[in-house]
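Remember, it's a predicted structure, so these values are computed and weren't measured experimentally. FYI, side chains are in, hydrogens and waters are out, and symmetry mates aren't considered; it's all heavy atoms of this structure. Throughout, residue positions are numbered sequentially from 1 according to the sequence presented.
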Amino acid sequence: MMNLSKYDLWLFDCDGVILQSNQIKSQAMYQVALHFSDEKTASTFQQYHQKNAGVTRFIKFKYLFEILLAQNHFEDNYQLALTMFGELCVEKLIESSLTKDAMLFLNNINQAFPKIIISAGTQIELQNIFSEKGLDHLFSQINGGPRTKFEIFTDVLAQYPNATPLYFGDAEADYIVAKQYNIDFVFVSGYSEFSGWKDFFKDKKQVKIINDFSEL
């Protein structure tokens with residue numbers, strides 16, 4: 001059983017950790033790419049998105065236009081893609097379910113300890129979604145893009161230099177950023193699109209793996 005009592009700074013990814021939203025975003029990525037390309041390219045881009053879960057959409061759509069479509073001048077299409085993606089996702093994210101026992105777990109954390117969202121999703125969108133779902137009061141901060149997770153972590157940890165943090169994520173990128181900052185990490189597997197997670201974590205015994213929050 002994991003000893004949670006030593007942690008006093010609680011950090012959470014959003015998609016696949018707090019919200020059951022990964023499939024919503026994957027489908028939206030495909031639909032946006034299909035608007036600018038063919039089915040094969042859209043499928044390739046969707047797979048790129050899933051493989052790079054935890055990476056901001058601002059980087060992903062640049063990859064679509066710059067690498068997959070080999071466009072030199074794509075700023076207008078890039079901005080349109082960002083707008084389309086947001087419009088496809090927001091209402092569905094507001095309606096999305098929480099992961100199993102996420103609310104119970106959040107409510108059981110000592111209210112004196114900060115609970116902070118660190119997501120690759122766009123910050124303004126995230127704040128709106130959590131507000132509409134009536135969840136924003138649970139968190140001290142709701143952070144997202146266009147800043148990267150590395151940038152957000154730098155800012156958050158500077159605010160709490162003496163804290164003992166724990167980060168919950170569902171992607172390889174989440175583990176990488178936790179390791180970069182020497183933070184204990186819990187991998188939430190039940191809603192993840194990281195298909196190779198079992199092989200990836202098999203030699204990383206320090207990582208706690210749970211299917212969902214009911215296991216804590």
S.K.: Is the distance between the ring centroids of Tyr181 and Tyr167 less than 6.0 Å?
M.R.: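 Ring-ring flag for Tyr181/Tyr167: false, centres at least 6.0 Å apart.
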
S.K.: Tell me, with the steps shown, if Lys25 and Glu193 meet salt bridge (charged side-chain N to carboxylate O under 4.0 Å, His left out).
M.R.: CA-CA 11 Å; Lys25 290 194 171 181; Glu193 292 190 324; over 6 Å; no

S.K.: Quick one, Phe105 and Leu4 - any side-chain contact, counting heavy atoms below 4.5 Å?
M.R.: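 Contact flag for Phe105/Leu4 side chains = yes.
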
S.K.: Any side-chain to backbone donor/acceptor pair from Thr99 onto Leu19? Under 3.5 Å, distance only.
M.R.: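 Absent.
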
S.K.: Could you check whether atom NZ of Lys115 has more than 12 heavy atoms from other residues, nucleotides or ligands sitting under 6.0 Å from it?
M.R.: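 Result for NZ/Lys115: enclosed.
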
S.K.: Donor-acceptor check, side chain of Asn77 to backbone of Phe74, threshold 3.5 angstrom: yes or no?
M.R.: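 It does not hold such a pair.
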
S.K.: Is it the case that the side chain of Lys92 and the backbone of Leu88 share a donor-acceptor pair, with hydrogens and angles ignored and the cut-off at 3.5 Å?
M.R.: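 Not a single qualifying donor-acceptor pair exists.
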
S.K.: Are there over 12 heavy-atom neighbours, none belonging to Asp203, within less than 6.0 Å of that residue's CG?
M.R.: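 Buried by this count: over 12 neighbours within 6.0 Å.
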
S.K.: Go through it in stages, so that I can follow the logic: the residues are Asp136 and Gln127, the test is side chain to side chain contact (heavy atoms under 4.5 Å, CB included), and I'd like the CA-CA distance, side-chain angles, deciding distance and then a yes or no.
M.R.: CA-CA 7 Å; Asp136 53 331; Gln127 291 172 346; over 6 Å; no

S.K.: Would you check, one step at a time, whether the test side chain to side chain contact (heavy atoms under 4.5 Å, CB included) holds for Trp197 with Val207?
M.R.: CA-CA 12 Å; Trp197 69 265; Val207 173; over 6 Å; no

S.K.: Do the side chains of Phe58 and Thr148 get nearer than 4.5 Å, heavy atoms only?
M.R.: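 A side-chain contact under 4.5 Å is absent here.
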
S.K.: Within a 6.0 Å radius of atom CD on Gln206, are there more than 12 heavy atoms belonging to other residues, nucleotides or ligands?
M.R.: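 Above 12, so yes.
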
S.K.: State whether the side chain of Asn143 and the backbone N or O of Ile118 hold a donor-acceptor pair below 3.5 Å, judged by distance alone.
M.R.: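 The answer is no, because no donor-acceptor pair under 3.5 Å joins these two groups.
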
S.K.: Using the rule that Ile, Leu, Val, Met, Phe, Trp and Tyr join whenever any side-chain heavy atoms are under 4.5 Å apart, tell me whether Ile59 and Ile152 fall into a single cluster.
M.R.: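 Result: no, two separate clusters.
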
S.K.: Answer yes or no for Lys179 and Tyr175: cation-pi contact, defined as NZ/CZ to six-membered ring centre under 6.0 Å and angle to ring axis within 45°.
M.R.: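 The answer is no, since Lys179 fails at least one limit relative to Tyr175.
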
S.K.: Indicate yes or no: at least one non-hydrogen side-chain atom of Phe153 is less than 4.5 angstrom from one of Leu11.
M.R.: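 Answer yes - side chains close enough.
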
S.K.: Could you check if a side-chain atom of Met29 sits within less than 4.5 angstrom of a side-chain atom of Arg57, using non-hydrogen atoms only?
M.R.: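 When only atoms from C-beta onward are counted, Arg57 and Met29 do touch, with a gap below 4.5 Å.
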
S.K.: So, Ser192 side chain and Asp170 main chain: donor-acceptor pair closer than 3.5 Å or not?
M.R.: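 Pair found, side chain donor or acceptor close to backbone of Asp170.
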
S.K.: Running the 4.5 Å side-chain criterion over Ile, Leu, Val, Met, Phe, Trp and Tyr, what cluster does Leu34 land in, apart from itself?
M.R.: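 Members alongside Leu34: Tyr30.
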
S.K.: Hey, can you tell me if Phe185 and Phe187 have their rings parallel, tilted or perpendicular (30° and 60° cut-offs)?
M.R.: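 Ring orientation, 0 to 90° scale: tilted.
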
S.K.: Does the ring centre of Phe65 sit less than 6.0 Å away from the ring centre of Phe36?
M.R.: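 When the ring centroids of Phe36 and Phe65 are compared, they turn out to be within the sub-6.0 Å range.
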
S.K.: Is it the case that the side chain of Lys205 and the backbone of Lys202 share a donor-acceptor pair, with hydrogens and angles ignored and the cut-off at 3.5 Å?
M.R.: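 Checking the backbone N and O of Lys202 against the side chain of Lys205, a donor-acceptor pair under 3.5 Å is found.
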
S.K.: Rounded to the nearest 0.5 Å, how far does CZ of Arg147 lie from CG of Asp155?
M.R.: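 Going from the CG atom of Asp155 to the CZ atom of Arg147 covers 5.0 Å.
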
S.K.: A side-chain contact here means heavy atoms from C-beta on lying under 4.5 Å apart; do Phe45 and Phe61 qualify?
M.R.: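 Sidechains of Phe61 and Phe45: in contact.
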
S.K.: Working note: Tyr63 + Asn52, criterion side chain to side chain contact (heavy atoms under 4.5 Å, CB included); need CA distance, chi angles, decisive distance, verdict.
M.R.: CA-CA 11 Å; Tyr63 178 85; Asn52 292 277; over 6 Å; no

S.K.: Under 4.5 Å between any side-chain heavy atoms of Ser37 and Leu68, yes or no?
M.R.: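 No, too far: nothing below the 4.5 Å cut-off.
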
S.K.: Would you kindly say whether Thr41 and Asp38 are connected by a side-chain donor-acceptor distance under 3.5 Å?
M.R.: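 The answer is yes; a qualifying pair exists.
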
S.K.: Counting C-beta onward and ignoring hydrogens, is there a side-chain heavy-atom pair between Val177 and Ile183 closer than 4.5 Å?
M.R.: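 No, every pair of side-chain atoms sits at 4.5 Å or beyond.
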
S.K.: Is it true that Glu75 and Gln79 share a donor-acceptor pair across their side chains at a distance under 3.5 Å?
M.R.: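 The answer is yes; a qualifying pair exists.
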
S.K.: Is a donor on one side and an acceptor on the other found under 3.5 Å between the side chain of Ser96 and the backbone of Leu93?
M.R.: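 Such a contact is found between Ser96 side chain and Leu93 backbone.
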
S.K.: Kindly indicate whether the side chain of Gln50, heavy atoms from C-beta on, has any atom under 4.5 Å from the side chain of Gln46.
M.R.: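 Side-chain contact under 4.5 Å: yes.
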
S.K.: Please determine if Asp13 and Lys149 form a salt bridge, counting it only when a charged side-chain N lies under 4.0 Å from a carboxylate O.
M.R.: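 Lys149 and Asp13: salt-bridged.
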
S.K.: With a cutoff of under 4.5 Å between side-chain heavy atoms, which Ile, Leu, Val, Met, Phe, Trp and Tyr residues group with Tyr191?
M.R.: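 Once heavy-atom contacts under 4.5 Å are chained together, Tyr191 still belongs with nothing else.
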
S.K.: Counting N and O atoms only, with roles assigned by atom type, does the side chain of Gln123 sit under 3.5 Å from a partner on the main chain of Gly121, one being a donor and the other an acceptor?
M.R.: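 Not a single qualifying donor-acceptor pair exists.
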
